[in-house]
Amino acid sequence: MIELQNLNKVYQTKDGPFYALRNLTLHIESGEFVVVMGRSGCGKSTLLNVLGLIDSFENGVYLWNGTDIQKADRNQRSKIRLSEIGYIYQSYNLIDELNCIDNVELTMGYAGIKRAFRRSRAKELLNRVGLLDKAKSFPQELSGGQQQRVAIARAISNHPKVILADEPTGNLDYKTGIQVMDLLKHLNNEGITIVMVTHDQELSSYASRVITMSDGVISHSN
Ligand code: ADP
Ligand code: MG
């Protein structure tokens with residue numbers, strides 16, 4: 001599914017080049033639930049952004065289902081971003097000006113799905129995350145946990161193969177965090193590969209594999 005070989009991600013800083021990912025090699029199989037841990041600043045978000053084709057990288061190889069990302073053109077990359085990857089963030093990243101159902105429809109719209117179909121699928125998805133009654137509510141009218149569930153509905157709208165989640169429970173209380181984790185676990189059971197960054201040691205119980213990073217390298221993987 002995902003194959004990184006000797007990948008480097010370098011930021012140019014005033015003190016010279018800074019290697020946020022160093023010679024990183026990682027293989028993720030379809031169906032895994034990978035939890036990425038490690039101290040703040042060790043490169044977890046950078047790794048997720050590279051995996052999600054949001055950030056570029058300097059050298060090394062990234063194969064996505066056999067597609068060499070460095071050799072893929074813009075269209076191929078944006079197609080993968082839109083229809084094969086779902087993104088979930090700590091701060092939900094919903095559009096404040098759009099109500100919940102319009103938020104869920106957003107990425108389907110980018111993918112060119114017809115409006116009537118988008119609507120009915122968005123309703124289905126909101127129902128799935130238990131928030132159909134909030135379809136017309138705006139993000140600010142929802143709790144953090146509810147907003148994250150809307151974000152999850154949006155993330156799965158185009159049937160992604162992989163979900164990338166960067167501290168999805170970081171802003172949530174324990175009980176709400178568990179609801180979000182259970183939802184992710186269900187999606188994983190349905191075959192979606194999950195790569196999730198967290199600080200919370202307890203959440204590693206959801207993982208089929210835990211990866212620990214330090215200073216841009218994987219220091220441990222079970
Ligand atoms: P984590 O998510 O594990 O806390 P990040 O991946 O966000 O860490 O950052 C890894 C390292 O790269 C940090 O030392 C951070 O300061 C550095 N970094 C991140 N983004 C940039 C940037 N745009 N320019 C320079 N350095 C950056
Ligand atoms: Mg981070």
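Not measured: the values here are computed from a predicted model. Just follow the structure's listing: the first ligand is 1, and inside any ligand the first atom is 1.
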[X] neighbourhood, listing ligand 1 atoms whose heavy-atom distance to it stays under 4.0 Å:
{"X": "A20", "answer": "12 (O)"}
{"X": "S45", "answer": "1 (P), 2 (O), 6 (O), 7 (O)"}
{"X": "S40", "answer": "4 (O)"}

Check: [Y] main-chain N/O paired with [X] side-chain donor or acceptor under 3.5 Å:
{"X": "N222", "Y": "V210", "answer": "yes"}
{"X": "Y87", "Y": "A155", "answer": "no"}
{"X": "D68", "Y": "L63", "answer": "no"}

Worksheet item: Which pair of heavy atoms, one from S221 and one from I211, lies closest together, and at what distance?
Response: OG-CG1, 3.9 Å

Practice prompt. Take atom 8 (O) of ligand 1 and look for protein heavy atoms under 4.0 Å from it; say yes if you find one, no if not.
Written response: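 Yes, there is a protein heavy atom closer to it than 4.0 Å.
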
Practice prompt. Kindly indicate whether atom 27 (C) of ligand 1 is approached by any protein heavy atom to under 4.0 angstrom.
Written response: yes

Quick one: nearest non-hydrogen protein atom to [atom], plus distance?
{"atom": "atom 1 (P) of ligand 1", "result": "G41 N, 3.5 Å"}
{"atom": "atom 5 (P) of ligand 1", "result": "T46 OG1, 3.6 Å"}
{"atom": "atom 12 (O) of ligand 1", "result": "F18 CE2, 3.3 Å"}
{"atom": "atom 18 (N) of ligand 1", "result": "Y11 CE1, 3.4 Å"}

Discussion item. Would you compute the distance between atom OG1 of T198 and atom CG of D166 and round it to the nearest 0.5 angstrom?
Written reply: 9.5 Å

Worksheet item: Roughly how far apart are S120 OG and L125 CG, rounded to 0.5 Å?
Response: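 Going from OG on S120 over to CG on L125, the span is 9.5 Å.
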
Item to complete: Check the side chains of E3 and W64 for a donor-acceptor pair under 3.5 angstrom, ignoring hydrogens and angles.
Response: no

Worksheet item: Does any N, O or S atom of S40, backbone or side chain, fall under 2.8 Å from the Mg ion (ligand 2)?
Response: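 Here the distance criterion (N, O or S atom, under 2.8 Å) is not met by S40, so no.
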
